[in-house]
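Before any comments, here is the structure.
Computed from heavy atoms alone, side chains included, the values below leave out hydrogens, waters and symmetry copies. Just so you know, ligand 1 is whichever comes first in the structure, and atom 1 is the first atom listed for that ligand. Note that the numbering runs from 1 along the sequence shown for the chain. For clarity, every value in this text was computed on a predicted model and none was experimentally measured.
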Amino acid sequence: MIRVAVSGAAGRMGETVCGAVEGADGMELSGRADPALGADLASVLGGADVVVDFTTPDTALENVRACLEAGVHAVLGTTGFELDALRQTVDAAPGDANCFVAPNFAIGAVLLMQAAQLAARHMPECEIVELHHDRKLDAPSGTAKRTAELIREAGGNVHEPIHSVRLPGLVAHQEVLFGGEGQTLSIRHDSIDRSSFMPGVLLAVRSVAELPDRLTVGLEKLL
Ligand SMILES: NC(=O)c1ccc[n+]([C@@H]2O[C@H](COP(=O)([O-])OP(=O)(O)OC[C@H]3O[C@@H](n4cnc5c(N)ncnc54)[C@H](O)[C@@H]3O)[C@@H](O)[C@H]2O)c1
């Protein structure tokens, strides 16, 4: 049994993760941390093997540091911080607990990034439009920033700025538009429900302890 505590447990993602962990084989929900529940992260670390963090950009790194220092593996879904700062946090943490981070836990978003890398080799000029619900704190999204990074690695030219749309009714959506000689290509992914992220989160919970590196970035590394 993997004992899983959720950080940000009262939030939109955190609540969904709590339900998914409760319904999953081989794991149990050992704690819910959230200021809104009157429980801080420190109070759930003692009973956890893995913490899943879906909180805010300004608390995520501090939370990862606390997990690793307590010898608890961290699965990080929060976005909006710099990846280099996370690398420094993990490098500086004592012990041998691991951190797994993915800007997007939905398989469709991972496939979009891979398809975009393929397209960029043949149609390098492109723009990214990301669309999210109006209470998302960061812009552009972590998924859009990671997509841009991967497209550039594949030789593409991502035009600036990345376009961020924030509207009620949306969950998490992204489109990459490529323009070439007399043609365009659009690749789009839509998370229409937060359940789309749960298979990826559960896979990360099951995998994080066995990862070869202390920090692993991207769901594609687990597939
Ligand atoms: N990686 C992915 O696949 C993915 C998918 C969706 C959302 N996200 C990201 O997840 C994060 C959370 O999104 P949300 O929509 O659930 O936000 P939310 O605002 O609904 O929830 C965040 C929760 O974190 C709590 N919180 C704040 N500080 C905390 C702390 N120090 N310790 C514990 N809990 C704390 C808040 O009280 C709140 O309940 C955002 O960064 C969002 O971009 C990632």
task: Starting at CG of Asn157, measure out to SG of Cys126 and round the result to the nearest 0.5 Å.
output: 7.0 Å

message: Working to the nearest 0.5 angstrom, can you tell me the gap between Met123 CE and Phe178 CZ?
response: 8.0 Å

task: Tell me which one of Gly77, Pro57, Ala10, Ala39 gets a heavy atom nearest to atom 9 (C) of ligand 1.
output: Gly77

message: Quick check: closest heavy atoms across Ser164 and Ala139, and the distance to 0.1 Å?
response: OG-CB, 3.8 Å

- request: If you have a sec, work out which protein heavy atom is nearest atom 35 (C) of ligand 1 and how many Å separate them, to one decimal?
  value: Pro35 CD, 3.3 Å

message: Within a 6.0 Å radius of atom CD on Glu82, are there more than 12 heavy atoms belonging to other residues, nucleotides or ligands?
response: no

- line: With heavy atoms and a 4.0 Å threshold, my read on which part of Ser141 contacts ligand 1 is neither

query: Is there a heavy atom of Ala172 sitting under 4.0 angstrom from any atom of ligand 1?
result: no

message: Out of all atoms in ligand 1, which are within 4.0 Å of some heavy atom of Ser7? Include the element for each.
response: 32 (N), 33 (C)

query: Starting from atom 27 (C) of ligand 1, which protein heavy atom do you reach first, and at what distance in Å?
result: Thr56 CG2, 4.0 Å

query: Between Val17 and Phe105, is a side-chain contact (heavy atoms from CB on, under 4.5 Å) present by the stated rule, with each step listed?
result: CA-CA 12 Å; Val17 172; Phe105 280 94; over 6 Å; no

- prompt: Of the options Gln174, Arg152, Glu130, which is the one that meets Thr147 in a side chain to side chain donor-acceptor pair (under 3.5 Å)?
  reply: Gln174

- request: Have a look at Arg32, Glu15, Met13 and point out the one with the heavy atom closest to atom 7 (C) of ligand 1.
  value: Met13

- request: Decide whether an N or O pair under 3.5 Å exists between Ala36 and ligand 1.
  value: no

Joint cluster assignment, Val205 & Ile107, ILVMFWY side-chain distance < 4.5 Å: yes

- prompt: What do we get for Phe105 next to ligand 1 when only non-hydrogen atoms under 4.0 Å count, side chain, backbone, both or neither?
  reply: both

task: Mind listing the closest non-hydrogen atom pair of Phe197 and Ala106 along with its distance?
output: CD2-N, 3.7 Å

message: Can you tell me which portion of Lys136 lies within the under-4.0 Å heavy-atom range of ligand 1? Options are side chain, backbone, both, or neither.
response: side chain

- line: When distances are taken from atom 42 (C) of ligand 1, the protein heavy atom at minimum range is Thr79 OG1, 3.8 Å

- prompt: Does ligand 1 have an atom that lies less than 4.0 angstrom from a heavy atom of Thr78?
  reply: yes

- prompt: Are any non-hydrogen side-chain atoms of Arg146 and Thr79 less than 4.5 angstrom apart?
  reply: no

message: Among all protein heavy atoms in this structure, tell me which lies nearest to atom 10 (O) of ligand 1, with the distance rounded to 0.1 Å.
response: Phe54 CD2, 3.3 Å

field: Short side-chain to backbone donor-acceptor contact, Asn98 and Val208, under 3.5 Å
entry: yes

field: From CA spacing to verdict: salt bridge (Lys or Arg N to Asp or Glu O under 4.0 Å), Arg32, Asp34
entry: CA-CA 7 Å; Arg32 298 174 197 250; Asp34 197 305; over 6 Å; no

message: For Gly80, state whether at least one heavy atom is located under 4.0 Å from any atom of ligand 1.
response: no

Protein contact to atom 17 (O) of ligand 1 [nearest heavy atom, distance to 0.1 Å]: Arg12 NH2, 3.7 Å

task: With atom 25 (C) of ligand 1 as the reference point, say which of Asp34, Val6, Thr55 has the nearest heavy atom.
output: Asp34

query: Taking atom 32 (N) of ligand 1 as the point of reference, which of Thr59, Asn104, Asn63 owns the nearest heavy atom?
result: Asn63

query: Of the protein's non-hydrogen atoms, which lies at the shortest distance from atom 21 (O) of ligand 1, and what is that distance?
result: Gly11 CA, 3.2 Å

- prompt: Is it the side chain, the backbone, both or neither of Pro103 that has a heavy atom closer than 4.0 Å to ligand 1?
  reply: backbone

message: Heavy atom to atom 1 (N) of ligand 1, shortest distance: which of Gly142, Ala102, Ala204 holds it?
response: Ala102

field: Interatomic spacing from CG in Asp96 to NE2 in His73 - rounded to 0.5 Å
entry: 7.5 Å

